[in-house]
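See structure below.
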Amino acid sequence: MVLCHGFPGLWYSWRNQLPVLAANGFRAIALDMRGYGRKRPAGGTPPTTTGRTPLRNLVGLLDTLAIEEAVFVGHDFGAALTWDLPQWAPGRVKALIQLSVRGPGPRGTGQYDIR
């Protein structure tokens with residue numbers, strides 16, 4: 001289970017969930033998303049946080065840890081980031097759990113019917 005925090009959070013946002021998930025038999029990974037916490041280089045150009053780069057980072061995390069597929073849990077910014085992950089990394093996403101966000105609009109329009 002990969003836990004992706006929101007803005008302006010850090011991996012620490014998941015500190016209460018990590019022991020509960022572990023106690024229930026889940027392997028849970030909480031990371032600082034690119035551009036947050038220790039992921040921001042001192043005095044350097046901020047890392048890319050748009051486009052496919054964050055998606056590649058998440059797939060790279062799975063590769064580095066030899067995980068074939070994972071459940072991704074996203075909150076706020078982390079949820080918005082992971083919406084497209086199943087499309088860009090087929091077979092690597094077992095499930096998505098999205099917290100505190102709306103889903104994408106109908107047929108990918110980005111528009112919502114709020115009637």
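Below, each value reflects all heavy atoms present in this structure, side chains not excepted, and no hydrogens, waters or symmetry copies.
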*Closest approach of Asn16 and Val20, non-hydrogen atoms and distance?*
O-CG2, 3.6 Å
*For the side chain of Asp76 and the backbone of Phe7, is there at least one donor-acceptor N/O pair under 3.5 Å apart?*
yes
*Taking the side chain from Thr64 and the backbone from Gly60, do they hold a donor-acceptor pair closer than 3.5 Å?*
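Looks like yes, one N/O pair under 3.5 Å.
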For the residue pair [X] and [Y], establish whether any side-chain heavy-atom pair is separated by less than 4.5 Å.
X	Y	result
Val71	Leu96	no
Leu81	Met33	yes
Asp63	Val59	yes
Ile29	Met1	no
Cys4	Val73	no
Leu85	Arg92	no
Leu3	Phe72	no
Glu69	Val93	no

_Working note: Leu65 + Arg27, criterion side-chain contact (heavy atoms from CB on, under 4.5 Å); need CA distance, chi angles, decisive distance, verdict._
CA-CA 11 Å; Leu65 298 175; Arg27 180 181 184 187; 4.0 Å; yes
*Atom pair CH2/CZ of Trp88 and Arg56 - distance to nearest 0.5 Å*: 9.0 Å
*asked:* Go through it in stages, so that I can follow the logic: the residues are His75 and Trp14, the test is side-chain contact (heavy atoms from CB on, under 4.5 Å), and I'd like the CA-CA distance, side-chain angles, deciding distance and then a yes or no.
replied: CA-CA 10 Å; His75 172 254; Trp14 300 104; 4.0 Å; yes
